[in-house]
Student: 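What follows is a single structure, and I will ask about it in a moment.
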Amino acid sequence: MIAAASDTGTFVPRLPFGDWIESFIDWLTATFDAFFDVVKTIFEGIYDGLDYVLNSPPFILVAVVLALIAFWAKGTKLAIGVLIGFIIIAGMDQWENAMDSLALVLLSAAVALLIGIPLGIWAARNDHVSRVLRPILDFMQTMPAFVYLIPTVVIFLTGPMPGIVATVIFALAPGVRFTELGIRQVDSEVVEAGRAFGSTDGRILRQIQIPLAMPTIMAGVNQVIMLSLSMVVISGMVGAGGLGNDVVAALQRVDVALGFEAGLSVVILAIFLDRVTSGLADRSPVAKALKAAR
Amino acid sequence: MTAVRVENVYKVFGRKPAEAVKRLKAGKTRDDVANLGTAAVIDASFEVAKGEIFVVMGLSGSGKSTLIRMLNGLWDPTSGHVYLGDDDLTAVDGAKLRKIRRERVSMVFQHFALLPHRSVIDNAAYPLEIQGVEREERRRRAQESLDMVGLSDWADSLPSQLSGGMRQRVGLARALAADTDILLMDEAFSALDPLIRREMQEQLLELQDKLGKTIIFITHDLNEAMHLGDRIAVMRDGQIVQIGSAEEILSDPANDYVAKFVADVDRTRVLTAASMMQAPQIKVTLGAGPRVAARELREAALPKSYVVDRKRVLRGVITSDNAVRAVKEGAETVAEYLEADYTSVHQDTPLAELFAPATESALPMAVTDDEGRLVGVIPRVTLLEAMAPSEAVEELTADADTVAPGDAVDTDTSTEGASA
């Protein structure tokens, strides 16, 4: 494919990195075809389920439930704001798209956290793991987001699956980093206290390190969700569905009105997700205990 | 009985710890091996008896915190052995080590190390939780240890709602709740205000009287070390330079470093009556006749003397006037002619508490032991001497005609002499 450009115009010979990756992806697709099919079926099943829960009841019912979640996480003001925001989304005829996107975000973020938090814990306890993970995470975070979409389309073809995988890869890093940072920041004397009284490592992790790192881990959760949302919109390019589809369509048709409405819906969804997750961070026992001091 | 025994322990952090230890053993210094690693503890050996308060004292970087962490296996020695009772901590496996930590040795930390999201009582109950004690029982025992440290009413508060001193009491209650024989205290009071620190020290000593734990206490504060420690190990640059009682270290420092270190210690808190007393020049026994008493007073040229019975228990004071009167009245003994006009202190009374009684006493203060026996006397000039550095006293005594050092003492106030 790139073979035509065999000369770089400099003394450096053409390095076929792209070809290598492409053959690797081809090999991956051919070898793990059955596996990818199973994964795809499972994830699309979960996605359809989530989407059904969010999209089949009347919009106002779902909006009120989400507003109640906002109330529980933060309070009345946010709940009212969220409700108004969702009514605006419905008024712009973007409700269904917004709920599709929300389902994608929830699923992708959950997978990213399920992978990221254990990796972060492992990295916090093992310097070698930490040293190996750091450049990989840097790479994953700085690679332009939509580059991920290309191989995932090759592997998973159509539907929301390429978007989900690309989103998970893109949003994984902060989950790992914040978890590692949070656990490493736990006062070493408190951890020593656990050991000094004869606690096992697993118990120290459960009873001391994770609870004390929770505010930082929750900040990571917040980041993962926000990155997921931005990537979910980008994956509209490969037809992942939701608000992203309209954003991409508006871009192609230079449709200012549609672009603005889809974009505003993304913003409202982002505010909801951000405030609720940061509200949850403040509700962790350690955060509450520290607040009680003041 | 020995509770803790440390044998030739080395701890080196860094790239080549084993090689560093080999060279240290061959006589190299800490600086010589700096490129191989940081030698935190070098050839430490000591024993701590059951029920003793053993203080390890040194400035920051002297290795004391590393040393205490090897006593419960938080760090492994690079070389050497640490025995708790019969168990060699350097030889046990992980499970056995955790069992030892649960059952035999607990720890109090400099910055308290409490779990911020747990109530005070749940913090105190933490070691019991790990020991697998069931909930009701562990809350009961945690409450008991909170009662002991005076935090009964704070059980349901969060640590963040407590002051520093109270938080450290929770730390202490937690260690007590574990009910281990050995208590490690790592700079336990260093983060507290001086007044609170003092209070905590007193509380620790009171608790120790009741509980009789083996306590290993780390501090950089010499006054604290002297006040708490039955014995003190002074550390410098990873090495233990001297081990001894407070008085031994004060009066006989092993080297210039220790001497300089103890130069500004508050001696009045460390020295006790026993360390300053002198043998009474004369004492009249109760059974002696008045003639003997009168003659002894005359020969010593003293107007008064302490009187003791056959077991040397202090009974009173006989003045020369009374002795003469007893002779005139033909009394058999001086028992009927004693006066109670004297001050006595216990031999363990610290110097700081001697000044007030000294001003009330016409005679040199009597020093008694547990049975009330007269073991010595403290003339006022000795008290003054103990307060001032030795050169100052020499100047003072050289100037003052009334006080001749090493000779008979001023007879207005004292009768029994200090032949220093």
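By convention in this document, chain letters (A, B, ...) are assigned in the order of the sequence lines, proteins followed by strands, and residues within each chain are numbered from 1. Values reported hereafter were calculated over all heavy atoms of this structure, with side chains retained and with hydrogens, waters and symmetry mates removed.
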Student: With a 4.5 angstrom heavy-atom cut-off, is it the side chain or the backbone of B:Gln131 that approaches chain A, or both, or neither?
Tutor: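 Interface part for B:Gln131: neither.
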
Student: So which part of A:Arg195 gets closer than 4.5 Å to some heavy atom of chain B, the side chain, the backbone, both or neither?
Tutor: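 Both parts, heavy atoms under 4.5 Å.
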
Student: Has the side chain of B:Asn72 got a donor or acceptor atom that lies under 3.5 Å from a matching backbone atom of B:Val105?
Tutor: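 Absent.
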
Student: Quick check on B:Arg174 against chain A: is it the side chain, the backbone, both or neither that has a heavy atom closer than 4.5 Å?
Tutor: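 Backbone plus side chain of B:Arg174, per the 4.5 Å heavy-atom cut-off to chain A.
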
Student: With only heavy atoms counted, which part of B:Leu114 is less than 4.5 Å from chain A, the side chain, the backbone, both or neither?
Tutor: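 For B:Leu114, the backbone is the part near chain A, not the side chain.
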
Student: Would you mind checking which part of A:Thr200 comes under 4.5 Å of any heavy atom in chain B, side chain (CB onward), backbone (N, CA, C, O), both or neither?
Tutor: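 A:Thr200 touches chain B through backbone and side-chain heavy atoms alike.
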
Student: Which heavy atom of A:Gly279 sits nearest a heavy atom of A:Lys74, and at what distance?
Tutor: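 So the minimum-distance heavy-atom pair works out to CA-CD, 4.0 Å.
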
Student: Non-hydrogen atoms of chain A under 4.5 Å away: do they reach the side chain of B:Tyr126, the backbone, both or neither?
Tutor: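 The side chain, not the backbone.
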
Student: Could you tell me whether a side-chain N or O of B:Arg167 sits under 3.5 Å from a main-chain N or O of B:Pro159, the two making a donor and an acceptor?
Tutor: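 Yes; judged by distance alone, with no hydrogens or angles, the pair exists.
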
Student: Verify the distance criterion only: is there a donor paired with an acceptor across the side chains of B:Asp147 and B:Ser152 at less than 3.5 Å?
Tutor: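 Present: a donor and an acceptor within the cut-off.
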
Student: Please determine, by modelled atom types, if B:Arg169 and B:Gln203 share a side-chain donor-acceptor pair under 3.5 angstrom.
Tutor: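 Yes.
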
Student: For B:Gln110, which atoms come within 4.5 Å of any heavy atom of chain A: side chain, backbone, both, or neither?
Tutor: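 The answer is both parts of B:Gln110.
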
Student: Among A:Ser199, A:Gly194, A:Pro211, A:Ser188, which residue has the highest count of heavy-atom pairs closer than 4.5 Å to chain B?
Tutor: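 Result: the option with the highest number of such pairs is A:Ser199.
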
Student: Donor-acceptor check, side chain of B:Arg15 to backbone of B:Asn35, threshold 3.5 angstrom: yes or no?
Tutor: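 Flag set: sc B:Arg15 to bb B:Asn35 pair under 3.5 Å.
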
